[in-house]
Amino acid sequence: MCSECRRLRESENERDRDRDRDRDRDCNKDRNRDRDRDRDRDRDRDRCRGCACDQLRRLRIQTEVDVFLKGGQILEDVVFISFDRDTCCAIFSDPTTERGSTLIVDCQDIVAIRIERN
């Protein structure tokens with residue numbers, strides 16, 4: 001084999017190695033991103049524990065509910081606004097008792113939720 005052919009073959013091998021290294025790096029990035037997403041999802045699931053927290057994750061915004069808290073207090077006819085997965089805070093508005101007021105409740109302090117049907 002002539003020296004020119006050998007040089008060409010070596011440069012092709014280098015390009016192939018570079019391409020393979022880049023592909024492996026991209027695969028590792030994808031794998032790490034998937035692992036991080038799974039870890040974040042598990043952290044969210046573990047942070048806010050309990051049946052009420054699980055229900056609030058899926059509850060539709062603007063749903064009217066009664067909320068039964070630890071200690072026996074009841075929040076009647078409140079409207080679900082949002083749920084913060086990082087802080088476990090459920091936010092409700094109270095259009096009847098205190099018009100325009102906002103209630104912020106830790107979902108882990110909720111014993112039961114009654115979903116009102118129209």
Side-chain angles (χ1 to χ4, degrees):
M1 178 183 297
C2 72
S3 61
E4 183 63 30
C5 293
R6 197 169 326 161
R7 229 184 348 258
L8 282 173
R9 180 173 282 174
E10 287 173 3
S11 70
E12 286 175 2
N13 287 340
E14 268 184 52
R15 276 194 312 264
D16 289 346
R17 277 194 303 272
D18 290 345
R19 187 187 65 233
D20 290 346
R21 186 176 49 241
D22 290 344
R23 186 182 58 229
D24 289 345
R25 189 178 310 129
D26 290 343
C27 287
N28 285 335
K29 284 180 185 177
D30 290 343
R31 208 171 305 126
N32 289 340
R33 184 176 51 240
D34 291 345
R35 186 192 67 228
D36 291 346
R37 185 189 65 234
D38 291 344
R39 185 185 62 231
D40 289 345
R41 185 177 47 233
D42 290 343
R43 186 190 70 226
D44 287 346
R45 190 178 304 131
D46 290 342
R47 178 177 293 144
C48 306
R49 291 186 169 272
C51 173
C53 299
D54 292 342
Q55 293 303 312
L56 289 168
R57 281 188 192 90
R58 294 187 294 268
L59 190 61
R60 294 181 73 183
I61 294 174
Q62 297 298 316
T63 301
E64 189 173 319
V65 296
D66 293 336
V67 178
F68 300 84
L69 300 173
K70 291 178 183 174
Q73 186 176 3
I74 302 171
L75 307 174
E76 292 187 75
D77 300 323
V78 294
V79 178
F80 176 67
I81 302 298
S82 67
F83 178 68
D84 186 328
R85 294 169 182 261
D86 291 328
T87 63
C88 303
C89 290
I91 301 175
F92 302 91
S93 67
D94 188 352
T96 54
T97 308
E98 285 288 328
R99 194 166 191 81
S101 67
T102 300
L103 298 163
I104 303 168
V105 179
D106 187 324
C107 71
Q108 297 172 105
D109 291 334
I110 298 173
V111 176
I113 301 170
R114 177 186 296 134
I115 300 173
E116 311 234 346
R117 302 286 178 208
N118 294 335

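A distance of 9.0 Å separates CD of Gln108 from CZ of Arg49, quoted to the nearest 0.5 Å. The distance from the CG atom of Leu75 to the OG1 atom of Thr97 is 9.0 Å, given to the nearest 0.5 Å. How far CG of Leu56 is from CZ of Phe80: 5.0 Å, rounded to the nearest 0.5 Å. Atoms CG and SG, on Asp106 and Cys48 in that order, are 7.5 Å from each other to the nearest 0.5 Å. Distance check: Asp94 CG to Ser101 OG gives 4.5 Å after rounding to the nearest 0.5 Å. Between atom CZ of residue Phe83 and atom CZ of residue Arg58 there is a gap of 11.0 Å, rounded to the nearest 0.5 Å.
Two residues are said to be in side-chain contact when any heavy atoms from C-beta on lie closer than 4.5 Å; Leu69 and Gln73 meet this criterion. Counting only heavy atoms from C-beta outward, the side chains of Ile115 and Thr63 approach each other to under 4.5 Å. Val78 has its side chain within reach of Val65: a pair of non-hydrogen atoms, C-beta onward, lies under 4.5 Å apart. Side-chain contact between Pro95 and Val79 is present, with at least one heavy-atom pair separated by less than 4.5 Å. The shortest distance between side-chain heavy atoms of Phe92 and Thr102 does not fall below 4.5 Å.
Not counting sequence neighbours, the partners of Asp66 by the side chain to side chain donor-acceptor pair (under 3.5 Å) test are Arg114. Arg21 pairs by the side chain to side chain donor-acceptor pair (under 3.5 Å) definition with Asp18, not counting sequence neighbours.
Under the 4.5 Å side-chain heavy-atom criterion for Ile, Leu, Val, Met, Phe, Trp and Tyr, Ile81 and Ile104 are members of the same hydrophobic cluster.
Other members of the hydrophobic cluster containing Phe68, listed by chain and number, are Ile74; membership follows side-chain contacts under 4.5 Å among ILVMFWY residues, whether direct or relayed.
Per the SG-SG cut-off, Cys88 and Cys107 are not bridged by a disulfide [distance not under 2.5 Å].
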Leu103/Ile91 under side chain to side chain contact (heavy atoms under 4.5 Å, CB included): CA gap, chis, key distance, verdict: CA-CA 6 Å; Leu103 298 163; Ile91 301 175; over 6 Å; no
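A pairwise comparison of heavy atoms in Gln55 and Ile113 identifies CB-CD1, 4.5 Å as the closest pair.
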